[in-house]
Novice: 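Quick one: the structure is below, questions incoming.
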Protein chains: 2
Amino acid sequence: MSIRKGRSVTISDVAEAAGVSRAAVSKVLRNAYGVSPGMRARVESTIEQLGYRPSVAARALRGSSYRLGLEIPYTGARFMTQIVEGAKRAVAGTPYQIILAPADGPEYDTLESLADGLVDGIIAISPLVDQAWLEGLARRVPVVMLGRHDTPAGYDTVTGDDHAGTRAVMEHLLSLGHRRIAHLTEPENVTTPGSGTPHSVRLEVYRACMTEAGLAEHIRVARRDVSGGDAVGAAAALLDLPEPPTAIFAGHDDMAVDALAAVGRTVAVAGYDNTDLAAHPLIDLTSVDQQGMEMGAQAATMLLERLKGRGEPRRFVAATRLLVRGSTSR
Amino acid sequence: MSIRKGRSVTISDVAEAAGVSRAAVSKVLRNAYGVSPGMRARVESTIEQLGYRPSVAARALRGSSYRLGLEIPYTGARFMTQIVEGAKRAVAGTPYQIILAPADGPEYDTLESLADGLVDGIIAISPLVDQAWLEGLARRVPVVMLGRHDTPAGYDTVTGDDHAGTRAVMEHLLSLGHRRIAHLTEPENVTTPGSGTPHSVRLEVYRACMTEAGLAEHIRVARRDVSGGDAVGAAAALLDLPEPPTAIFAGHDDMAVDALAAVGRTVAVAGYDNTDLAAHPLIDLTSVDQQGMEMGAQAATMLLERLKGRGEPRRFVAATRLLVRGSTSR
DNA sequence: GCATGTTTGTAGATCGGTCTTCAACGGGTG
DNA sequence: CACCCGTTGAAGACCGATCTACAAACATGC
């Protein structure tokens, strides 16, 4: 144990105590070639005795930090929990650890600061950053992006099948006889057509489904407040329309829950992500499951592959499944 | 921009390009004394041109990493959001950044791995680790602990006023005429009497209030599953008792929401933390607000103070406020 | 017995910064 | 004019690891 007052135990202390060179200790640590069983035992017991732990900073400078950075846009987003849990599961048993970097402002900053030698690789959920910029980042450090429908050269992507998922919701609502179906989504900057964000795809497919059903005139798009954050106001405003919708398809469960707060059970509501709250009897929200845990696990696994040398980009698309619950069926 | 293929831009590159020494560039970076305006301008423009960003690892090795680590027991805990947001707010405008370290297994590991030179200071929510061990940790790196009612020598603490908060809930329930009030809490290891965890205090005060009201015989304590994680089953079991409770006081909102899932509106339910979900009309949960955001902000602020040299331990106790909602009033 | 090859361990450069020490310079002062 | 001193910038040690050479010790083949 022996945690000393000021500085902590370094590799030199271990080397001295064990009567070997620093390089020898390093070899033992890294399980490198050229270590006799005798020396290994001696060094390991010394490490144990002194309570030595290698400095991450020093390691990162020369080799690797054994930390993977996961950038998350907003800590409160329920879907994140699934991603994080999946990623944690995937690195369990490896020497790697997940650290989370909450993005406050522009996502560029957070990503750059992660890339500044703190982590060996990055998993990010940044639909807003430019692809060219990302390719540049990916040249410096391995990157896996979540929720980007683009075709990158230098990084991997993990997405849900937003087309299928959205179609499933819309077909469900249409089959129930709804004609005035509104879509509640993120602010404009996240849904720019062609940008390839999940929410741009969901919006696009919503529009397509409505048009195909001959309901183009009933297309209504409401957006979450940029500032305030919640979607309660936007959903409430839908009810004030001359012809209010009978169903709301929300871009994700958090907004769907906000919608429920605004419209109660008067209007059918469907969400996306199947967060744990959706199954709660008092919420009872119809939602699209896109296997967030699996997405997180895949992302981490792909990152580990990249760290082992893979260069060609890979892509994983999670299958979706519609879970019909009370919010659309009563 | 010029992000080069392999390695990134180092301080030597900047020094060479600007025609000065590495030390000079370092001075400019750190805003250190002894830099002429001319040189500063030249170096800064070179930095800009080359897109140079200092390596965190190299910095951490000698000086500081400008990263504060926030250890969180479970990513899905709603209360965490408040803490994280508060901490982020407190470091905004400083050169420091918050990184989150999710604890998977034993919290010792996560804390140690944070202390391994990755961060300049630690905010942790680890009620289970030993105080002596924490004091040892605090000698190596500045530490602020959340939710520990102990009297440490080497670290700071931030807690809510669990006594007052719990009393407020209990008095509220009692004043409504409830006599069979059950308490839904965490597994045994988190509520060991005298351990000083928030949940041990809440349990203790619950017992005291019941006894004082002459209701000792109606004390019922149910606990969340250690493995499964949720408290639905434990709450449901309460209903199967010969004399089921008419009110449930849950140790925190997440468990209260689980309780609502199990018992619906048949039993009064009160929570703790006033997470954002509590105000939702479909949940409408009476809860104790303990200003999680303020707690997070205070914790970060205290840590910054410690980094500036403060040695004496400080303690912050957040005031609580009972918010009565529908879950106990209809 | 000697050349050759294989372990095993050490020396020392290196990563990219920080920080202390010190030399050079320029301007007052008596 | 000699002296002192504050300012500016450069040199170089240092942080704690990794990793490439390389030397020493030992085994093997002929």
Side-chain angles (χ1 to χ4, degrees), chain A residues 4 6-44 46-47 50-67 95 113 115-120 140-141 307, chain B residues 4 6-44 46-47 50-67 95 113 115-118 120 140-141:
Chain A
R4 297 188 312 187
R7 294 208 309 80
S8 39
V9 181
T10 75
I11 201 172
S12 304
D13 300 332
V14 175
E16 195 178 347
V20 298
S21 70
R22 284 166 22 232
V25 179
S26 177
K27 276 187 180 178
V28 171
L29 285 175
R30 292 172 290 127
N31 260 310
Y33 177 83
V35 182
S36 67
M39 185 178 82
R40 165 174 300 279
R42 201 146 33 102
V43 169
E44 279 177 345
T46 312
I47 287 179
L50 267 53
Y52 164 74
R53 296 182 60 95
S55 149
V56 178
R59 280 197 149 166
L61 194 52
R62 198 94 218 297
S64 39
S65 66
Y66 296 106
R67 300 292 188 279
S113 95
D116 291 339
L118 193 60
V119 297
D120 296 342
R140 292 197 296 157
V141 50
L307 289 173
Chain B
R4 297 188 310 186
R7 294 208 311 79
S8 39
V9 180
T10 76
I11 201 172
S12 303
D13 300 332
V14 175
E16 194 179 350
V20 298
S21 71
R22 288 171 14 234
V25 179
S26 176
K27 276 188 179 178
V28 171
L29 284 174
R30 290 173 294 129
N31 260 312
Y33 177 82
V35 182
S36 67
M39 185 179 83
R40 166 173 299 281
R42 200 146 35 100
V43 169
E44 278 177 346
T46 312
I47 286 178
L50 268 52
Y52 164 73
R53 296 182 61 94
S55 148
V56 179
R59 279 196 150 166
L61 196 53
R62 196 99 219 292
S64 39
S65 66
Y66 295 106
R67 301 292 189 280
S113 95
D116 292 338
L118 194 61
D120 296 343
R140 291 197 297 158
V141 50

Novice: Is the phosphate of C:dG17 approached by B:Tyr52 (side-chain N or O, under 4.0 Å from OP1 or OP2)?
Specialist: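 Yes, B:Tyr52 has a side-chain N/O under 4.0 Å of OP1/OP2 on C:dG17.
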Novice: Using whole Å, report how far OH of B:Tyr66 lies from C1' of C:dG17.
Specialist: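 To the nearest whole Å, that distance equals 12 Å.
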Novice: Out of curiosity, A:Glu16 CD to A:Thr46 OG1, how far, rounded to the nearest 0.5 Å?
Specialist: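 Reported value, rounded in 0.5 Å steps: 11.5 Å.
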Novice: Would you tabulate the nitrogen or oxygen pairs shorter than 3.5 Å linking the protein to nucleotides 12-14 of chain D?
Specialist:
unit_1: D:dA13; atom_1: N6; unit_2: B:Arg22; atom_2: NH2; d: 3.4
unit_1: D:dC14; atom_1: O2; unit_2: B:Arg62; atom_2: NE; d: 3.3

Novice: May I have the distance from B:Glu16 (atom CD) to C:dG17 (atom P), rounded to whole angstrom?
Specialist: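 Those two atoms, CD and P, are 14 Å apart.
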Novice: Could you grab the distance from atom CZ of A:Arg40 to atom CD1 of A:Ile47, nearest 0.5 Å is fine?
Specialist: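 Between A:Arg40 CZ and A:Ile47 CD1, I get 9.5 Å after rounding to 0.5 Å.
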Novice: Quick one: closest heavy-atom pair of A:Lys27 and A:Gly34, and the distance?
Specialist: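 Nearest pair, atom of A:Lys27 first, then A:Gly34: NZ-O, 3.6 Å.
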Novice: Any side-chain N or O of A:Arg59 under 4.0 Å from OP1/OP2 of D:dT18?
Specialist: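 For D:dT18, OP1/OP2 do have a side-chain N/O of A:Arg59 under 4.0 Å.
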Novice: Identify the two heavy atoms, one from A:Val43 and one from A:Val20, that lie closest to each other, and give their separation to 0.1 Å.
Specialist: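 Result for this residue pair: CG2-CG2, 4.0 Å.
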Novice: Rounded to whole Å, how long is the line connecting atom CG of B:Leu29 with atom P of C:dG17?
Specialist: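 Checked: the CG to P distance equals 8 Å.
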Novice: Between C1' on C:dC15 and CG on A:Asp116, what's the gap in Å once rounded to a whole number?
Specialist: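 Spelled out: CG on A:Asp116 to C1' on C:dC15 is 15 Å.
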Novice: For B:Ile47 and C:dG17, what is the distance between atoms CD1 and C1' respectively, to the nearest whole Å?
Specialist: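 The answer, rounded to whole Å, is 13 Å.
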Novice: For the side chain of B:Ser65 and the backbone of B:Val56, is there at least one donor-acceptor N/O pair under 3.5 Å apart?
Specialist: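 Here the side-chain-to-backbone pair does not exist.
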Novice: Specify the angle, to 10°, made by the local axes at the two ends of the helix from C:dG1-D:dC30 to C:dG30-D:dC1 when five pairs are taken at each end.
Specialist: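 Comparing the axis at each end, I get an angle of 50°.
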Novice: So which protein nitrogen or oxygen atoms get under 3.5 Å of nucleotides 5-9 of chain C's nitrogens or oxygens?
Specialist:
unit_1: C:dT7; atom_1: O5'; unit_2: A:Tyr33; atom_2: OH; d: 3.0
unit_1: C:dG9; atom_1: OP1; unit_2: A:Ser36; atom_2: OG; d: 2.9
unit_1: C:dG9; atom_1: OP2; unit_2: A:Ser36; atom_2: N; d: 2.8
unit_1: C:dG9; atom_1: OP2; unit_2: A:Ser36; atom_2: OG; d: 2.9
unit_1: C:dG9; atom_1: N7; unit_2: A:Lys27; atom_2: NZ; d: 2.9

Novice: Donor-acceptor pair, A:Arg22 side chain versus A:Ile11 backbone, under 3.5 Å?
Specialist: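 Here the side-chain-to-backbone pair does not exist.
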Novice: If I compare all heavy atoms of A:Arg42 with all of A:Ala18, which pair ends up nearest, and what's the gap?
Specialist: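 Heavy atoms of A:Arg42 and A:Ala18 come nearest at NH1-O, 3.1 Å.
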Novice: Any chance you could lay out the side chain to side chain contact (heavy atoms under 4.5 Å, CB included) test for B:Tyr66 and A:Asp116, step after step, and finish with the verdict?
Specialist: CA-CA 12 Å; B:Tyr66 295 106; A:Asp116 291 339; over 6 Å; no
Novice: Looking at every heavy atom in both B:Arg67 and B:Leu118, which two are closest together, and how far apart are they?
Specialist: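 Between these two residues, the closest heavy atoms are CB-O, 4.1 Å.
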Novice: If you find the nucleotide of DNA chain C closest to B:Gly63 and the one closest to A:Gly19, which residue's nucleotide is nearer the 5' end?
Specialist: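 Here A:Gly19 is the residue nearer the 5' end.
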Novice: Among C:dG17, D:dT18, C:dC15, which nucleotide sits nearest the side chain of A:Ile11?
Specialist: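 From the listed options, D:dT18 comes nearest.
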Novice: Give the minimum heavy-atom separation between B:Ala15 and B:Val25, together with the two atoms involved.
Specialist: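 What the structure gives for the nearest pair is CA-CG2, 3.7 Å.
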Novice: Enter the distance from B:Thr10:OG1 to B:Arg53:CZ here, rounded to the nearest 0.5 Å.
Specialist: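 Here the interatomic distance stands at 15.0 Å.
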